Amino acid sequence: MTTGTVLSYQWRKGLINLIDGGNISGATTATLIINPVSVLDTASDYNLIVTGTCLPNDTSILVSLTVNSKPIATAASNSTICIGEAINLTATTVLGATYQWSGPNGYTSSTQNPVILSSTTLDAGIYSLTVTNTGCSSTPATVTVVINDCASDTTIVLDFNIPEGFSPNNDGTNDLFVVRGIDRFPKNTFVIFNRWGNKIFEASPYKNEWDGKATTGIRIGGDDLPVGTYFYLLDLGDGSEIYKGTIYLNK
């Protein structure tokens, strides 16, 4: 808090004057705002210089700002399984973190890698994981558990779906191009082309691992592909039709 007349303000980080722009506003006011904040804003030497009609200028004490990184949740399971088999849910370890699972049939668990010992059809569906560390919670990660009636060879929960796009920006959500049900077709072949018809990715079999990077062909400017529309061919390898379509890659 400052008092006086004809006061002017200048916030600094160490000896460097801050200026408005980007995520900083109020650099020459009594209140500095950093929004959104990132780990790059962490510092122990923020200070404020106050200038009035009387000299000398007044410099505040140093103020520390600590920004904790947002944890990344990664969820997986042993799907696909048969009725009566155990469901193994797994999460990537984040040191010092807590874990919260939720899922079908009112399921919840705070165990990192919980197990549902004897599955039923009610346990099939989407499970969500949130990881919390140093007061910061991750974006929820999801995994679909598929349960088959193996005695009659009937799929209880699984529909085949090729999404129209994805956003490989490493935010923990939708970072991989996931074709739901592709694990049922182990002889599949998946090929991606750019708008000029150049092959940029190929897998046989495809295991939902494409992260928006080019793995074949001419790569100008690195492996990361720009935002845009790409084309695919998917042969399931079972003698059925060959799927053709477009994928919108966003960031």
Side-chain angles (χ1 to χ4, degrees), residues 22-23 33-44 64-81 85-147 156-159 161-183 203 206-213 223-225 227 247-251:
N23 65 339
I33 299 175
I34 305 176
N35 185 31
V37 71
S38 74
V39 292
L40 298 178
D41 298 308
T42 297
S44 60
S64 296
L65 173 64
T66 300
V67 182
N68 296 318
S69 298
K70 188 176 182 180
I72 297 175
T74 304
S77 78
N78 60 330
S79 178
T80 301
I81 61 172
E85 293 180 341
I87 300 173
N88 298 318
L89 301 172
T90 56
T92 300
T93 298
V94 178
L95 294 178
T98 59
Y99 305 82
Q100 186 60 53
W101 289 90
S102 62
N105 202 26
Y107 178 79
T108 61
S109 176
S110 58
T111 302
Q112 178 181 350
N113 301 314
V115 177
I116 301 174
L117 292 177
S118 183
S119 63
T120 70
T121 58
L122 296 177
D123 298 313
I126 298 175
Y127 288 76
S128 177
L129 167 68
T130 299
V131 177
T132 301
N133 192 24
T134 60
C136 300
S137 296
S138 70
T139 299
T142 60
V143 60
T144 299
V145 171
V146 178
I147 302 176
I156 301 301
V157 175
L158 180 61
D159 60 321
N161 179 67
I162 305 173
E164 296 180 351
F166 71 130
S167 54
N169 55 8
N170 296 319
D171 67 352
T173 301
N174 209 23
D175 287 328
L176 299 176
F177 187 74
V178 176
V179 179
R180 195 161 61 242
I182 195 66
D183 56 319
Y206 180 60
K207 298 180 180 180
N208 291 334
E209 71 269 33
W210 189 40
D211 59 358
K213 292 182 172 61
D223 296 342
D224 288 322
L225 295 169
V227 170
I247 301 169
Y248 185 72
L249 188 155
N250 200 1
K251 292 298 179 83

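Just so it is clear, the structure is predicted and the values come from calculations on it, not from any experiment.
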Derivation and outcome, side-chain hydrogen bond (donor to acceptor under 3.5 Å, both in side chains), residues T108 and S102: CA-CA 4 Å; T108 61; S102 62; over 6 Å; no
Compare every heavy atom of [Y] with every heavy atom of [X], then report the nearest pair and how far apart it is.
| X | Y | result |
| --- | --- | --- |
| A91 | L129 | CB-CD2, 3.4 Å |
| K213 | D224 | CE-OD1, 3.2 Å |
| V67 | V37 | CG2-CG2, 3.4 Å |
| T139 | K70 | OG1-NZ, 3.3 Å |
| I72 | G172 | CG2-CA, 4.3 Å |
| P104 | A124 | CG-O, 3.4 Å |

- request: Show the numbers, then the answer: is there a side chain to side chain contact (heavy atoms under 4.5 Å, CB included) between V145 and I116?
  value: CA-CA 11 Å; V145 171; I116 301 174; over 6 Å; no
field: Parallel, tilted or perpendicular, as decided by the 30° and 60° cut-offs, for the rings of F166 and F177
entry: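 Perpendicular: the ring planes of F177 and F166 meet at over 60°.
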task: Take N133 and N68 through the side chain to side chain contact (heavy atoms under 4.5 Å, CB included) test and state the conclusion after the steps.
output: CA-CA 9 Å; N133 192 24; N68 296 318; over 6 Å; no
Can you confirm whether [X] sits close enough to [Y] that some side-chain heavy atom of one is under 4.5 Å from a side-chain heavy atom of the other?
| X | Y | answer |
| --- | --- | --- |
| L249 | P168 | yes |
| V146 | D183 | no |
| C136 | P71 | yes |

[X] side, atom [atom1]; [Y] side, atom [atom2] - distance, nearest 0.5 Å:
| X | Y | atom1 | atom2 | value |
| --- | --- | --- | --- | --- |
| T120 | I147 | OG1 | CD1 | 6.0 Å |
| T142 | W101 | OG1 | CH2 | 9.5 Å |
| T74 | D175 | OG1 | CG | 9.0 Å |
| Y99 | T93 | OH | OG1 | 5.0 Å |
| D123 | E85 | CG | CD | 13.0 Å |
| S128 | L89 | OG | CG | 11.0 Å |

[X] (side chain) donor-acceptor with [Y] (main chain) under 3.5 angstrom:
| X | Y | value |
| --- | --- | --- |
| S119 | I87 | no |
| N88 | N78 | no |
| N161 | V179 | no |
| Q100 | T130 | no |

query: Side chains of S38 and N23: do they bring a donor and an acceptor to under 3.5 Å?
result: no
Over 12 foreign heavy atoms within 6.0 Å of NZ, K207: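 Count not over threshold, so no.
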